[in-house]
A.B. asks: 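Below you'll find the structure I mean.
Numbering starts at 1 and runs along the sequence shown.
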Amino acid sequence: MLTAPMPTPAPTSTATTAFPRTQRIGVLVFPHFEPLDVWGFIEAFSIARFIGTSYAKAPALPFQVVLISNECRSAANRSAPAPVASFNGPRVVPDLFRDEALEQPLDLLMIPGGQGVNTLLMDQDTAAVEALMQWVRAMDQHVALVTSVCTGAAILARSGLLDGRPAATNHQAFGWVATYGPAVLWDNVSRWVDAGQYVTSAGVSAGTDMAWHLVARLAGRAVAEAAALAAEYDWHRDPQEPIFYPQQAAVPSAPASS
């Protein structure tokens, strides 16, 4: 009598799964940055997981996010940066001093917008402004990608990094930001613009959409899609797609300050 052959047991592998390396995302924070510019952007990276791994107990992560203070180390303070207050929002405790970021392995730099951008660029201490510009240019040589959200593009434009390249910024502050980059190829329609090494977004929530795009670019579309689903986020994947708002009565604006 013929007997059926026993199934061959599946081979057992003791090898550890090799994931891509964790990429490090640096976000500059300064007094009166716009909260959602930072938190919306960060969430896309922090919730991302490699395909097939657990959210709670992931063996490896696609990204690590660190906050970079605009404060530099000094003789009086070399231990840790001071907390930084967002605009009408919570404070954050940065991980790194600004000059310390140049000593750290980082893959991407993001500069947010907010009321604090105007303060940084209009500082009466011109040496402080130029020191910030020199740091931005140095970081450009240190990381693979330089990005901005909202009016953070004004800082990149002022540094000269965006000259001759397409870029986006907050639509309501478009005229003001554009004065810092007359040689920039400004886009007043797109929610974000990917110009290769430089990726810039329009205002606030557009930066979150851009962040998901960057997750897809750096870790793969499947990682980004799974993360957006986990976040229950309505990702606007096409930067050319307009956002429609319900018809509204005109709301009076505040009088210009003197």
Side-chain angles (χ1 to χ4, degrees), residues 20-28 37-38 40-46 48 62-66 68 101-102 104-113 117 121 132-171 173-174 177-225 227-228 235-242:
R21 70 176 181 85
T22 299
Q23 299 180 69
R24 301 188 78 212
I25 311 301
V27 177
L28 180 69
D37 287 9
V38 169
F41 183 89
I42 286 176
E43 180 63 12
F45 293 94
S46 65
F63 305 102
Q64 178 191 23
V65 181
V66 295
I68 304 168
L102 287 167
Q104 294 281 325
L106 295 170
D107 298 282
L108 181 151
L109 171 68
M110 190 278 275
I111 300 180
V117 171
L121 295 179
L132 174 60
M133 295 302 108
Q134 290 179 0
W135 178 81
V136 170
R137 297 183 195 109
M139 286 297 292
D140 177 49
Q141 301 299 311
H142 186 66
V143 299
L145 286 173
V146 177
T147 71
S148 66
V149 173
C150 197
T151 55
I155 294 174
L156 296 185
R158 172 69 172 74
S159 74
L161 295 183
L162 300 180
D163 284 357
R165 297 181 171 90
T169 188
N170 183 297
H171 291 172
F174 189 89
V177 174
T179 63
Y180 286 100
V184 177
L185 307 180
W186 292 108
D187 184 332
N188 65 342
V189 175
S190 300
R191 282 179 66 75
W192 75 86
V193 172
D194 188 330
Q197 185 177 348
Y198 307 99
V199 188
T200 53
S201 85
V204 198
S205 67
T208 308
D209 286 334
M210 179 187 74
W212 295 108
H213 164 75
L214 289 168
V215 170
R217 175 173 163 178
L218 295 173
R221 178 72 181 269
V223 168
E225 292 290 352
W235 176 17
H236 296 270
R237 294 162 180 78
D238 182 358
Q240 306 301 324
E241 180 183 1

A.B. asks: So, the side chain of Trp212 versus the backbone of His236: is there a donor-acceptor pair under 3.5 Å, distance only?
C.D. replies: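 Side chain of Trp212 to backbone of His236: no pair is present.
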A.B. asks: Any side-chain heavy atom of Val65 sitting closer than 4.5 Å to one from Val27?
C.D. replies: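 Yes, close enough: below the 4.5 Å cut-off.
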A.B. asks: Does Leu108 form a side-chain contact (heavy atoms from CB on, under 4.5 Å) with Val143? I'd like the steps, not just the answer.
C.D. replies: CA-CA 5 Å; Leu108 181 151; Val143 299; 5.7 Å; no
A.B. asks: Calculate, to the nearest 0.5 Å, the distance between atoms CG and NE2 belonging to Asn188 and His171 respectively.
C.D. replies: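 Separation between the atoms: 6.5 Å.
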A.B. asks: Checking Thr200 side chain against Ala168 main chain: does a donor-acceptor pair fall under 3.5 Å?
C.D. replies: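 Checked: pair present.
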A.B. asks: Report the distance from atom CG of Leu145 to atom CG of Leu106, rounding to the nearest 0.5 Å.
C.D. replies: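 Between Leu145 CG and Leu106 CG, I get 12.0 Å after rounding to 0.5 Å.
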A.B. asks: Applying side-chain contact (heavy atoms from CB on, under 4.5 Å), run through Asp194 and Arg217 and close with a yes or a no.
C.D. replies: CA-CA 10 Å; Asp194 188 330; Arg217 175 173 163 178; 2.9 Å; yes
A.B. asks: Gln141: which residues meet the side-chain contact (heavy atoms from CB on, under 4.5 Å) condition with it, sequence neighbours left out?
C.D. replies: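 Here no residue qualifies.
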A.B. asks: Looking at Ala153 and Leu162, what are the two nearest heavy atoms and their distance?
C.D. replies: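 Smallest heavy-atom distance, with atoms named: O-CD1, 4.0 Å.
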A.B. asks: Provide the closest heavy-atom pair for Leu102 versus Met139 in the form atom of the first, atom of the second, distance.
C.D. replies: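 Smallest interatomic distance, heavy atoms only, reads CD2-SD, 3.4 Å.
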A.B. asks: Determine whether Met133 and Leu121 make a side-chain contact, defined as any pair of heavy atoms from C-beta on separated by less than 4.5 Å.
C.D. replies: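 In contact.
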A.B. asks: Hey, what's the ring geometry for Trp192 with His213, parallel, tilted or perpendicular (30° and 60° as the breaks)?
C.D. replies: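 Because their plane-to-plane angle lies in the 30° to 60° range, the rings of Trp192 and His213 count as tilted.
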A.B. asks: Are Arg191 and Asp238 close enough for a salt bridge, meaning some N to O gap below 4.0 Å?
C.D. replies: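 A salt bridge is absent here (no side-chain N lies under 4.0 Å from a carboxylate O).
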A.B. asks: Which atoms form the tightest heavy-atom contact between Tyr180 and Ala154, and what is the distance?
C.D. replies: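 That closest heavy-atom pairing would be CB-O, 3.9 Å.
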A.B. asks: Sequence neighbours excluded, which residues qualify as salt bridge (Lys or Arg N to Asp or Glu O under 4.0 Å) partners of Arg24?
C.D. replies: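 Residues passing salt bridge (Lys or Arg N to Asp or Glu O under 4.0 Å) with Arg24: none at all.
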A.B. asks: Answer yes or no: is there a donor N or O on one side and an acceptor on the other, between the side chain of Asp209 and the main chain of Trp235, under 3.5 Å?
C.D. replies: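 Not at all, since once roles are kept as given, no pair shorter than 3.5 Å links the two residues.
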A.B. asks: Should Val66 and Ile25 count as side-chain neighbours, where that means a heavy-atom distance under 4.5 Å?
C.D. replies: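 When only atoms from C-beta onward are counted, Ile25 and Val66 do not touch, as no gap falls below 4.5 Å.
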A.B. asks: So, Gln23 side chain and Leu218 main chain: donor-acceptor pair closer than 3.5 Å or not?
C.D. replies: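 Checked: pair present.
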A.B. asks: Which heavy atom of Cys150 sits nearest a heavy atom of Asn170, and at what distance?
C.D. replies: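 Scanning both residues completely, I find the closest heavy atoms to be SG-ND2, 3.2 Å.
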A.B. asks: By the side-chain hydrogen bond (donor to acceptor under 3.5 Å, both in side chains) test, which pairs, at least two apart or in different chains, include something from residues 145-163?
C.D. replies: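 Applying side-chain hydrogen bond (donor to acceptor under 3.5 Å, both in side chains) to every pair that reaches into residues 145-163, excluding sequence neighbours, yields nothing.
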A.B. asks: Are the side chains of Asp140 and Val136 in contact, using a 4.5 Å heavy-atom criterion?
C.D. replies: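 A side-chain contact under 4.5 Å is absent here.
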A.B. asks: Would a 4.5 Å heavy-atom cut-off, applied to side chains only, mark Trp135 and Leu28 as touching?
C.D. replies: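 Sidechains of Leu28 and Trp135: in contact.
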A.B. asks: Any carboxylate oxygen within less than 4.0 angstrom of a Lys/Arg side-chain nitrogen, looking at Asp107 and Arg21?
C.D. replies: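 Salt bridge between Asp107 and Arg21, a charged N being under 4.0 Å from a carboxylate O: yes.
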A.B. asks: With a 3.5 Å cut-off and no angle check, do the side chains of Glu43 and Thr208 form a donor-acceptor pair?
C.D. replies: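 Not at all, the side chains of Glu43 and Thr208 share no donor-acceptor pair under 3.5 Å.
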A.B. asks: If every non-hydrogen atom of Met210 is compared with every non-hydrogen atom of Val199, which pair is closest and at what distance?
C.D. replies: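 Closest heavy-atom pair between Met210 and Val199: SD-CG1, 3.6 Å.
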A.B. asks: Taking all heavy atoms of Leu214 and all of Phe41, pick out the closest pair and write down the distance.
C.D. replies: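 Nearest heavy atoms, Leu214 then Phe41: CD1-CE1, 3.9 Å.
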